[in-house]
Amino acid sequence: MEALSDGVFAIAMTLLVLDISVPAGLDSADFHKELSDVLPNIAAYALSFTVIAQFWRDHRSILGAAPAPDGAVLGLTLLGLALVALLPFPTSLLAEYTDQAVAVAVYSGTVAAINAVHTALVAAVRRSETARGPAGPADGGPRVRRQRLAVDSGVTAVVFGAAVPLAFVSPAAAMWSWLTLVPLNFVIGRRRRRTQQKATHREPAERSPEA
């Protein structure tokens, strides 16, 4: 399953670049015009490559810590791969029709759907582990990482999902709304670090009476 996932992610990343090209045989003026026209494609490629790379990293973290996958895990994995393989199409729409509400909404909806599937996949892995009996103490690290991935994916799904109806009001505002992930991730990461620091300080205090 990991090999299949890696192959789909690699193909999706490669397909993103196919829309970036400049015709041959142009004079200087047409060359510079075509080069200027291809800049939105490059920007969309960079955005979607980053998105897919993040999905790939999270996907491997989720599957790497999972027990033998059950039907729900397999189904959600295949659904997520199908959406990742679809991403080059909305990327192309976004690059060519940035000012069109449907193009921005389709891209936002696809990214939101992939993140929602990842959130559901974490829950499915957790249920699969629970069904197999209590986990050992070594599972604490992977479990915390999966919880972090679930929160991050859930927040991203909400932000991009909210951009879908916003796109029909203002495509530009919908795309700018994606940037709210930057402060949101900063705040979430800061709270996460504070919680970890409190837990680290609490452990020596709990062990001190025994010493």
Open item on the list: Does either side chain, that of Ser108 or that of Trp178, offer a donor lying less than 3.5 Å from an acceptor on the other one?
Closed with: yes
Task: Short side-chain to backbone donor-acceptor contact, His118 and Ile114, under 3.5 Å - done: no
Task: Closest non-hydrogen atom pair between Ala12 and Ala85, with its separation - done: CB-CA, 4.3 Å
Task: Heavy-atom closest contact (Thr98 atom, Val104 atom, distance) - done: O-CG2, 3.5 Å
Open item on the list: Using side-chain heavy atoms (C-beta onward) and a distance below 4.5 Å, is Leu15 in contact with Leu87?
Closed with: no
TODO: Answer yes or no: is there a side-chain heavy-atom contact under 4.5 Å between Val84 and Phe9?
DONE: yes
Task: ILVMFWY network linking Ile52 to Ile42, side-chain heavy atoms under 4.5 angstrom - done: yes
Task: Sequence neighbours excluded, every pair satisfying salt bridge (charged side-chain N to carboxylate O under 4.0 Å, His left out) that has a member inside residues 4-16 - done: Asp6-Arg60
Open item on the list: Under the criterion side-chain contact (heavy atoms from CB on, under 4.5 Å), I'd like the reasoning laid out for Thr77 against His59: C-alpha separation, chi angles, the key distance, then a yes or no.
Closed with: CA-CA 9 Å; Thr77 296; His59 198 74; 3.5 Å; yes
Open item on the list: Under 4.5 Å between side-chain heavy atoms, counting indirect links through other Ile/Leu/Val/Met/Phe/Trp/Tyr residues: same cluster for Trp176 and Val51 or not?
Closed with: no
TODO: Considering non-hydrogen atoms only, spot the tightest contact between Ala150 and Val122 and give its length.
DONE: CB-CG1, 3.9 Å
Open item on the list: Between Val117 and Leu181, is there shared hydrophobic-cluster membership here, with clusters defined by ILVMFWY side-chain heavy atoms closer than 4.5 Å?
Closed with: yes
Open item on the list: Minimum heavy-atom separation for Thr91 and Ala44, please, with both atom names.
Closed with: CG2-O, 3.6 Å
TODO: Indicate yes or no: at least one non-hydrogen side-chain atom of Ser48 is less than 4.5 angstrom from one of Tyr107.
DONE: yes
TODO: Sorted by first residue and then second, give each salt bridge (charged side-chain N to carboxylate O under 4.0 Å, His left out) pair with at least one member in residues 20-32; sequence neighbours left out.
DONE: none
- [ ] Please confirm whether the backbone N or O of Gly154 pairs with a side-chain atom of Thr119, one donor and one acceptor, at under 3.5 Å?
- [x] yes
TODO: Any chance you could measure Leu4, atom CG, to Leu78, atom CG, to the nearest 0.5 Å?
DONE: 6.5 Å
Open item on the list: Using the rule that Ile, Leu, Val, Met, Phe, Trp and Tyr join whenever any side-chain heavy atoms are under 4.5 Å apart, tell me whether Phe160 and Leu166 fall into a single cluster.
Closed with: no
Open item on the list: Testing the basics here: between Val159 and Thr180, what is the closest heavy-atom pair and its distance to 0.1 Å?
Closed with: CG1-OG1, 3.5 Å
- [ ] Return yes when atom CZ of Phe89 has more than 12 non-hydrogen atoms of other residues, nucleotides or ligands closer than 6.0 Å, and no otherwise.
- [x] no
Task: Partner of Phe55 under side-chain contact (heavy atoms from CB on, under 4.5 Å), chosen from Thr50, Thr156, Asn115 - done: Asn115
Open item on the list: Measuring only between side-chain heavy atoms, which start at C-beta, is Leu47 closer than 4.5 Å to Leu94?
Closed with: yes
TODO: Please report the shortest heavy-atom distance between Ala157 and Ala116, naming the atom on each side.
DONE: CB-N, 3.9 Å
Task: Co-membership, hydrophobic cluster, residues Leu81 and Leu16, 4.5 Å side-chain - done: yes
Task: Approximate separation, where rounding is to 0.5 Å, of Thr14 OG1 and Phe49 CZ - done: 8.5 Å
